[in-house]
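Worksheet: one structure, shown below.
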Amino acid sequence: MGLHPLDVEVLLGVFERLIDHGATVIVIEHDLDVIANSDYIVDLGPGGGEAGGRIIATGTPSQIMDDPQSVIGRYLREDQAPRHR
């Protein structure tokens, strides 16, 4: 289980303040909100453990979403798609 969405929002604010003060922030994360707010993504995979550890895709969130090889890109596309009730 991950952080509560409000905690993620606070954490993103802390990251922004650090970056505004010249820091470089490197995060290893699975939370789609954190990933979508990144400047640059390195998508590792294609799976976990023995099936992982290779670079699948790199780039901005929009570049990752456009990369058919990217595993996280698929989830970002789904997360960014309009939601119907």
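Heads up: numbering here begins at 1 and tracks the sequence. Atom set for the values below is all heavy atoms of this structure, side chains included, hydrogens, waters and symmetry mates excluded.
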Report yes if the side chains of Pro61 and Ile41 come closer than 4.5 Å at any heavy-atom pair, otherwise no. yes
Heavy-atom side-chain proximity of Val71 to Leu44 below 4.5 angstrom: no
For a quick test of reading the model, state the closest non-hydrogen atom pair linking [X] to [Y] and the distance between them.
X	Y	answer
Pro46	Arg54	CD-NH2, 2.9 Å
Ala57	Asp67	CB-OD2, 3.3 Å
Asp79	Asp33	OD2-OD1, 4.3 Å

A quick test of your reading: do over 12 heavy atoms of other residues, nucleotides or ligands sit less than 6.0 Å from OH of Tyr75? no
If you count heavy atoms of other groups shown closer than 6.0 angstrom to CG of Leu6, is the number above 12? yes
Linked, directly or transitively: [X] and [Y] (ILVMFWY side chains, under 4.5 Å):
X	Y	value
Leu32	Val8	no
Val34	Ile26	no
Leu3	Val27	yes
Val42	Val25	no

Would you mind listing every side chain to side chain donor-acceptor pair (under 3.5 Å) that reaches into residues 5-31, with sequence neighbours excluded? none
Restricting to pairs with a member in residues 40-50, which pass side chain to side chain donor-acceptor pair (under 3.5 Å), not counting sequence neighbours? Tyr40-Thr58, Asp43-Ser70
What distance separates Ile64 CD1 from Arg74 CZ, expressed to the nearest 0.5 Å? 13.5 Å
